[in-house]
Student: 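The structure follows.
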Amino acid sequence: MYVADSRGTPAAATDAARARSGRRSAIAPTVFALGTVSLITDVSSEMVTAVLPLYLVTGLGLSPLGFGLLDGVYNGFSALVRLVGGHLADRGGRHKAVAVLGYGLSALCKPLLLLASSLPMIGAVLAADRTGKGLRTAPRDALISLASAPEARGRAFGVHRAMDTAGAMLGPLTAFLILRQAAEGYDAVFTVSFCVAALGVLVLLLFVPSRIPLAGPAGRAPTAGTPAADAPAEAVPRPSPKAALALLHVRPVRQLTLAALLLGLATVSDSFVYLLLQHRLGVPDRWFALLPLGTAAAFLLLAVPLGRLADRVGRWQVFLGGHAALLLAYVLLLTGWQSPALPFLTLALHGGFYAATDGVLMAAAAGSVPAELRSSGLALIQTGQALARFACSIAFGAAWTAWGDRTALGTAATVLTACAVGAFLLRPSNSPKEARP
């Protein structure tokens, strides 16, 4: 791994060399560097995420509706700034700079949780943290797509998501150990989380190149003057908000955005899944922070295989199959089945859902968006998905408060089935290997 600066960097040169070498299976060093950043950052963020539901619902006494509002802020607020982050990254190719800004802002929010003592203050800190996530996500994914050959993007995103998920596994485990040892458990979790997040920002600054040569199809570099190896042939406009929104006129991008929005409307927040499991099984509070490990373990094991499968058989099929796994997890939680295997099966399906959809969606989108608008295009799709999940968190919390958890989850399962049918009707007519949701 090499130290990166704004000039032609060794890591960037290695990415380009691998792209031209014809080694289709090679994963660019930039992907591994970004995976390391995400691994470290996820240790930090998942430490907080693992204890936050319990801290808010049990510690502060929030109702499910109140938690749903805060959870919607936590997971959906980034939608308001994703397009901004994508636009800033595309202007002048400043993907790394915007990513650093986003990761840095999220890191600074961790110690602020120590000072937040009221619901509005906690909401403000969580909103700022999600602003950082919104700024960094699209530029980071654009860097991965630009460093990878089109036919191997599913695998590249799978590798990145697997490394990211390794951090998601270590985060709850770290929080669990801290809560068992520290007298002031939550304060200790937030403090350690900040230190780990700062390390992630440092790795990003040192080891991720600022500019990446484009990787062409089948290992060929794009010719001079072309916007990208897999971009549409027509002229690409200068990066601007108007140009980003104009991408919705491109049929595959429009299909992807609508599908992500529809299916996001019935994607119940992870925190609610874990609260439902605790409610069903009577999991003691001290073990609650370990529940995300099940989802993370399945995600880690399946991310690369499902990414490779998406490259071979079609990203649309794998994407839709992931939502079928999520629907099955809902059904398991709705049944009266009492078995020690219930949490393992539910969390395995939950992790499989993420493995089949998260990186696969971005790999599919990258093939339809020109390099000059890559961050903006990915942000457009992510925004639709995040807004839909924001609405789902609020609606699910309200339904749980009014009618109970089983009615709320049954409604979510019904909506997911209807939305999956709608998303299926949006399926593209592309060839199987380039099929996109």
Student: Could you go step by step and tell me if Q385 and T257 meet the side-chain contact (heavy atoms from CB on, under 4.5 Å) rule?
Tutor: CA-CA 7 Å; Q385 186 179 59; T257 305; over 6 Å; no

Student: Does a side-chain N-to-carboxylate-O contact under 4.0 Å join R94 and D90?
Tutor: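 A salt bridge is absent here (no side-chain N lies under 4.0 Å from a carboxylate O).
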
Student: When you measure from the side chain of K133 to the backbone of D129, do you find a donor-acceptor pair of N or O atoms at a distance under 3.5 Å?
Tutor: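 The answer is no, because no donor-acceptor pair under 3.5 Å joins these two groups.
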
Student: Minimum heavy-atom separation for S45 to K110, with atom names?
Tutor: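 Looking at all heavy atoms of both residues, the shortest contact is CA-CE, 4.2 Å.
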
Student: Does some side-chain heavy atom of P292 sit less than 4.5 Å from a side-chain heavy atom of T49?
Tutor: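 The answer is no, as the side chains (C-beta and beyond) never meet within the 4.5 Å cut-off.
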
Student: Looking only at side-chain N and O atoms, does T295 offer a donor or acceptor that is under 3.5 Å from a partner on Y274?
Tutor: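 The answer is yes; a qualifying pair exists.
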
Student: How far apart are the C-alpha atoms of L275 and Q278, what are their side-chain angles, what is the distance that settles it, and do they pass the side-chain contact (heavy atoms from CB on, under 4.5 Å) test?
Tutor: CA-CA 5 Å; L275 287 171; Q278 186 197 35; 4.1 Å; yes

Student: Give a yes or no on whether the backbone of L332 and the side-chain of T335 come within a donor-acceptor separation of less than 3.5 Å.
Tutor: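 Checked: pair present.
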
Student: If the plane angle is over 60° it's perpendicular, under 30° parallel, otherwise tilted; pick one for W316 and F424.
Tutor: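 Judged by the thresholds at 30° and 60°, the geometry between W316 and F424 is tilted.
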
Student: OG1/T165 to OH/Y354 distance, rounded to the nearest 0.5 angstrom?
Tutor: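 Those atoms lie 10.5 Å apart.
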
Student: Are S38 and H160 linked by a side-chain donor-acceptor pair shorter than 3.5 Å?
Tutor: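 H160 and S38 do have a side-chain donor-acceptor pair below 3.5 Å.
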
Student: Taking it one step at a time, do M163 and F32 satisfy side-chain contact (heavy atoms from CB on, under 4.5 Å)?
Tutor: CA-CA 8 Å; M163 297 179 71; F32 286 111; 4.0 Å; yes

Student: Where the side chain of S44 meets the backbone of S193, is there a donor-acceptor pair that is under 3.5 Å apart?
Tutor: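 Between the backbone of S193 and the side chain of S44 there is a qualifying donor-acceptor contact (under 3.5 Å).
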
Student: How long is the gap from CD on E46 to OG1 on T174, to the nearest 0.5 Å?
Tutor: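 Taking CD in E46 and OG1 in T174, the distance rounds to 11.0 Å.
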
Student: Looking only at heavy atoms, which two atoms of P139 and V98 are closest? And how far apart?
Tutor: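 For P139 and V98, the tightest heavy-atom pair comes out as CG-CG1, 3.8 Å.
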
Student: Among V208, V37, L34, which residue satisfies the side-chain contact (heavy atoms from CB on, under 4.5 Å) criterion with V203?
Tutor: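 Among V208, V37, L34, the one meeting side-chain contact (heavy atoms from CB on, under 4.5 Å) with V203 is V37.
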
Student: Just by distance, do the side chain of R153 and the backbone of S145 share a donor-acceptor pair under 3.5 Å?
Tutor: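 Side chain of R153 to backbone of S145: a pair is present.
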
Student: Measure the shortest side-chain to side-chain distance between L112 and F190 over non-hydrogen atoms and say whether it is less than 4.5 angstrom.
Tutor: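 They are not in side-chain contact.
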
Student: Using only atom types and a distance under 3.5 Å, with no angle test, would you say the side chain of D405 pairs donor to acceptor with the backbone of W400?
Tutor: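 No; judged by distance alone, with no hydrogens or angles, the pair does not exist.
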
Student: Of all heavy-atom pairs between V304 and A162, which one has the smallest distance, and what is that distance?
Tutor: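 Closest approach of V304 to A162, heavy atoms only: CG2-CB, 4.1 Å.
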
Student: My understanding is that only one of L349, V268, T414, L276 makes a side-chain contact (heavy atoms from CB on, under 4.5 Å) with Y330; could you say which?
Tutor: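 Filter result, single survivor: V268.
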
Student: One pair to check against side chain to side chain donor-acceptor pair (under 3.5 Å): R136 and S106. What are the steps and the verdict?
Tutor: CA-CA 10 Å; R136 72 181 184 248; S106 292; 2.8 Å; yes

Student: Would you call D141 and R374 a salt bridge, taking side-chain N to carboxylate O under 4.0 Å as the test?
Tutor: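 The answer is no: the pair does not qualify as a salt bridge.
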
Student: Can you give me the closest heavy-atom contact between V360 and A310, atom names plus distance?
Tutor: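 Smallest heavy-atom distance, with atoms named: CG2-CB, 4.0 Å.
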
Student: Hey, are the side chains of L205 and V201 touching, using non-hydrogen atoms and a 4.5 Å cut-off?
Tutor: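 The answer is yes, as the side chains (C-beta and beyond) meet within the 4.5 Å cut-off.
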
Student: First locate atom CG of L347, then atom CG of L290, and finally report the distance between them rounded to the nearest 0.5 Å.
Tutor: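 One gets 11.0 Å once the value is rounded to the nearest 0.5 Å.
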
Student: Go through the side-chain N and O atoms of S368 and R251 and say whether any donor and acceptor fall under 3.5 Å apart.
Tutor: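 Looking only at side-chain atoms, R251 and S368 do not form any donor-acceptor pair under 3.5 Å.
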
Student: Determine, step by step, whether D164 and L39 satisfy the side-chain contact (heavy atoms from CB on, under 4.5 Å) criterion, reporting the C-alpha distance in whole Å, the side-chain angles of both residues, the deciding distance to 0.1 Å, and the verdict.
Tutor: CA-CA 4 Å; D164 180 277; L39 188 156; over 6 Å; no

Student: What's the separation between atom CG in L199 and atom OG1 in T41, rounded to the nearest 0.5 Å?
Tutor: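 Between atom CG of L199 and atom OG1 of T41 there are 8.5 Å.
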
Student: Is the shortest heavy-atom distance from the side chain of R140 to the side chain of H95 under 4.5 Å?
Tutor: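 They are not in side-chain contact.
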
Student: Kindly compute the distance separating NE2 (H323) from CG (L328), expressed to the nearest 0.5 Å.
Tutor: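 Taking NE2 in H323 and CG in L328, the distance rounds to 14.5 Å.
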
Student: Tell me whether R406 contacts the main-chain N or O of L334 through its side chain, where contact means a donor paired with an acceptor under 3.5 Å.
Tutor: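 Present.
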
Student: Please give me the minimum heavy-atom distance between S210 and K96, naming the atom from each residue.
Tutor: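 Shortest heavy-atom contact: OG-CD, 3.6 Å.
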
Student: Would you indicate whether R254, at its atom CZ, is surrounded by more than 12 heavy atoms from other residues, nucleotides or ligands within a distance under 6.0 Å?
Tutor: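 Atom CZ in R254 is packed in, count exceeds 12.
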
Student: Name the residue from L361, V415, L416 that meets the side-chain contact (heavy atoms from CB on, under 4.5 Å) definition with L263.
Tutor: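 So the option named by the test is L416.
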
Student: Taking only Lys NZ, Arg NE, NH1 and NH2, and the carboxylate oxygens of Asp or Glu, determine whether R161 and D358 approach each other closer than 4.0 Å.
Tutor: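 Yes, charged N to carboxylate O under 4.0 Å.
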
Student: Quick check: closest heavy atoms across A329 and T346, and the distance to 0.1 Å?
Tutor: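 Scanning both residues, the minimum pair turns out to be CB-O, 4.1 Å.
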
